[in-house]
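Whatever order the structure lists them in is the order used to number ligands and atoms, beginning at 1.
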Amino acid sequence: MLNFSLPPEQIEVQKRAREFALNELLPVAWYFDEKNETPLFVLEKAFNAGLMNTDIPDKYGGKGYGMLEGILLTEEFAAVCSGFATSIFDNSLGLEPLILSNNESLKEEFLPKFAKEFKLICFATSEPTMGSDVSGIRCEAKPEGNDYILNGTKYWITNGGIADYISVFATVDPKSQHEGICAFLVDMNSEGVSRGKHIPKLGQRASNTAGVNFNNVRVPKEHVLAPPGEGFALAMNTFSRTRPAVGSLAIGAARSAMEFAIDYAKKRRVFGTKIANYQAIQFKIAEMYQKIETARLLIWKAAWESDSGMDPTITASMAKFYSTEAALEIVNDALQIFGGYGYTKMFPLEKLLRDIRLFTIYEGTSEIQRLIVSGHAMHAYQPVMPPLEDLPLLKDIGPDKMSSPGKETTAWRCRMCGHIHHGEAPPDHCPYCFFPESSFKKVWPKE
Ligand SMILES: Cc1cc2nc3c(=O)[nH]c(=O)nc-3n(C[C@H](O)[C@H](O)[C@H](O)COP(=O)(O)OP(=O)(O)OC[C@H]3O[C@@H](n4cnc5c(N)ncnc54)[C@H](O)[C@@H]3O)c2cc1C
């Protein structure tokens with residue numbers, strides 16, 4: 001039977017994440033947002049609490065959590081601070097190419113290390129000149145003996161200024177697009193790696209974002225995550241497994257916006273009564289709640305697909321653009337319920353709005369998710385209905401004749417305007433659109 005309830009172990013994961021978020025993240029969230037700084041000690045606490053790198057398979061000494069546990073964690077962290085949540089989750093994003101890679105010796109060397117020690121790893125496809133178009137990577141990886149030499153700049157890299165390692169995507173030939181793309185695990189202390197300054201941002205200011213420059217960085221072939229030609233697919237497979245978490249980050253933050261709005265609406269009096277008594281406010285709250293529940297169902301479905309060994313790509317994209325856009329609407333409505341106070345820094349809504357704005361952009365913009373989903377709907381999805389031109393529309397024939405169709409019931413459909421003509425042969429031309437006989441197709445009886 002279809003089941004939407006969480007088993008006790010997952011409820012326990014959610015409870016631990018919630019307690020950690022409320023006790024460790026909440027007291028310092030506004031301070032570090034204002035300071036525009038990522039506190040390493042907070043990330044280390046998450047690691048020590050067993051709430052980071054949770055998707056490392058148990059075979060490599062990790063917890064072996066699935067995507068579902070991952071999204072339960074991220075929702076709770078983001079409910080308190082999306083900036084912290086993004087920086088904590090970034091290790092899962094950075095490790096995913098290694099987990100998905102076929103380089104077994106690299107996995108055996110690094111995954112147990114990440115399971116045991118507090119180390120940060122970031123993920124880099126984006127560059128100053130490209131983000132959406134991953135096939136347009138310019139950062140160059142030149143084979144030289146047993147090594148690759150990396151040259152180029154990665155931009156917008158979450159934790160790029162503080163990470164110990166980077167999963168970096170490059171190309172052996174920028175002109176060859178998808179076919180040239182490869183990926184490497186690189187130590188950020190390697191000679192020739194430089195970190196840019198923390199990029200000032202609208203929101204998620206407690207999450208470090210920086211450029212990373214590679215100047216003749218020598219990477220041993222043993223550190224190849226994907227050889228040339230396989231890097232693009234590795235990047236896309238990584239996103240399929242991380243986009244649902246971006247949805248849950250957005251929904252976590254939106255959930256808090258709704259909770260604050262309900263609290264405020266029950267206390268604020270306008271025109272002699274609490275604003276919670278106005279139906280306009282109640283309807284906003286109903287829609288917030290509905291959007292959160294709808295988004296969560298889609299996110300959980302993507303997680304279920306991934307954890308069951310199915311390809312979650314399409315559901316992951318739908319979950320990402322639905323949840324992140326719904327979250328933006330929710331926080332906007334919540335701020336409206338606060339009136340002028342919502343616009344001040346004394347209440348949490350302005351930070352939530354700034355933070356939530358990012359989710360429709362990183363890990364593939366909403367537009368890119370729409371391209372993925374529309375591509376599937378138009379080319380891979382199997383329709384149930386016959387093509388329009390084959391639709392018989394037998395309303396004029398009636399069930400008695402349909403059961404024993406004879407000559408008199410032969411039906412022809414004009415492929416241009418849809419008119420159905422009954423008769424042994426199609427007409428010379430269509431009486432509606434004047435298209436010639438050749439535009440008619442026999443639709444009944446079926447041949
Ligand atoms: C705070 C932050 C953290 C980030 N962290 C990371 C990270 O850790 N690692 C990493 O690699 N990247 C990271 N990114 C980069 C992020 O993934 C990109 O910003 C994003 O993919 C969009 O790329 P772009 O900014 O180059 O926009 P562009 O690709 O230049 O797109 C500009 C606009 O055009 C639209 N567009 C593009 N192509 C199409 C199309 N075919 N049809 C319709 N519309 C289109 C886009 O949706 C967008 O609205 C981060 C970004 C930010 C802001």
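The protein heavy-atom contact nearest to atom 5 (N) of ligand 1 is Trp156 O, 2.7 Å. Looking only at protein heavy atoms, the nearest one to atom 29 (O) of ligand 1 is Ser132 OG, 2.6 Å. Protein heavy atom in closest approach to atom 38 (N) of ligand 1: Ile368 CD1, 4.0 Å. The protein atom (non-hydrogen) at minimum distance from atom 24 (P) of ligand 1 is Gly131 CA, 3.9 Å. Among protein heavy atoms, the minimum distance from atom 42 (N) of ligand 1 is reached at Leu371 CD1, 4.0 Å.
In summary, the atoms of ligand 1 found under 4.0 Å from a heavy atom of Thr365, numbered by their order in the structure, are 22 (C), 46 (C), 47 (O). Heavy-atom proximity to Ile157, at under 4.0 Å, picks out these atoms of ligand 1: 7 (C), 8 (O), 9 (N), 10 (C), 11 (O).
At least one heavy atom of Ala124 sits closer than 4.0 Å to an atom of ligand 1.
Under 4.0 Å from ligand 1, heavy atoms of Thr158 appear from its side chain as well as its backbone. Contacts between Leu358 and ligand 1, counted as non-hydrogen atom pairs separated by less than 4.0 Å, involve the side chain only. Contacts with ligand 1 closer than 4.0 Å are made by no heavy atom of Asn159, backbone or side chain.
Taking a cutoff of 4.0 Å between a charged side-chain nitrogen and a carboxylate oxygen, Lys291 and Glu329 qualify as a salt bridge. Contact check on Glu75 versus Arg296 returns a salt bridge, with a Lys/Arg side-chain nitrogen under 4.0 Å from an Asp/Glu carboxylate oxygen. Ion pairing between a basic and an acidic side chain is recognised when a charged N comes within 4.0 Å of a carboxylate O; Lys301 and Glu305 show such pairing. Salt-bridge check for Lys63 with Glu69: failed, with every basic side-chain N at 4.0 Å or more from each acidic carboxylate O. In summary, Glu367 and Arg370 do not engage in a salt bridge, as defined by a charged side-chain N under 4.0 Å from a carboxylate O.
The closest non-hydrogen atom to atom 43 (C) of ligand 1, taken over Glu367, Glu127, Gln369, comes from Glu367. Distances from atom 17 (O) of ligand 1 to the heavy atoms of Lys154, Glu363, Lys201, Met130 show the closest one on Glu363. Around atom 18 (C) of ligand 1, the closest heavy atom drawn from Ser126, Gly94, Gly203 belongs to Ser126.
For atom 36 (N) of ligand 1, the nearest protein heavy atom lies 4.0 Å or farther away. The presence of a protein heavy atom under 4.0 Å from atom 32 (C) of ligand 1 is ruled out. The presence of a protein heavy atom under 4.0 Å from atom 9 (N) of ligand 1 is confirmed. Protein non-hydrogen atoms do reach within 4.0 Å of atom 20 (C) of ligand 1.
Aromatic ring orientation, Tyr341 versus Phe347: perpendicular (interplanar angle above 60°, classes split at 30° and 60°). The aromatic rings of Tyr264 and Phe338 lie parallel to each other, their planes meeting at an angle below 30°, with 60° marking the opposite boundary.
A cation-pi contact, defined as under 6.0 Å to the ring centre and within 45° of the axis, links Lys221 to Tyr148.
With ring centers used as reference points, Phe110 lies under 6.0 Å from His223. When ring centroids are compared, Phe321 and Phe359 stay outside the 6.0 Å threshold.
The shortest N or O to N or O distance between Tyr362 and ligand 1 is not under 3.5 Å.
Shown here for Met52 and Phe47, the closest heavy-atom pair between the two residues is CB-CA, 3.8 Å.
Note that CD1 of Ile372 is 11.5 Å distant from CE of Met318, once rounded to the nearest 0.5 Å.
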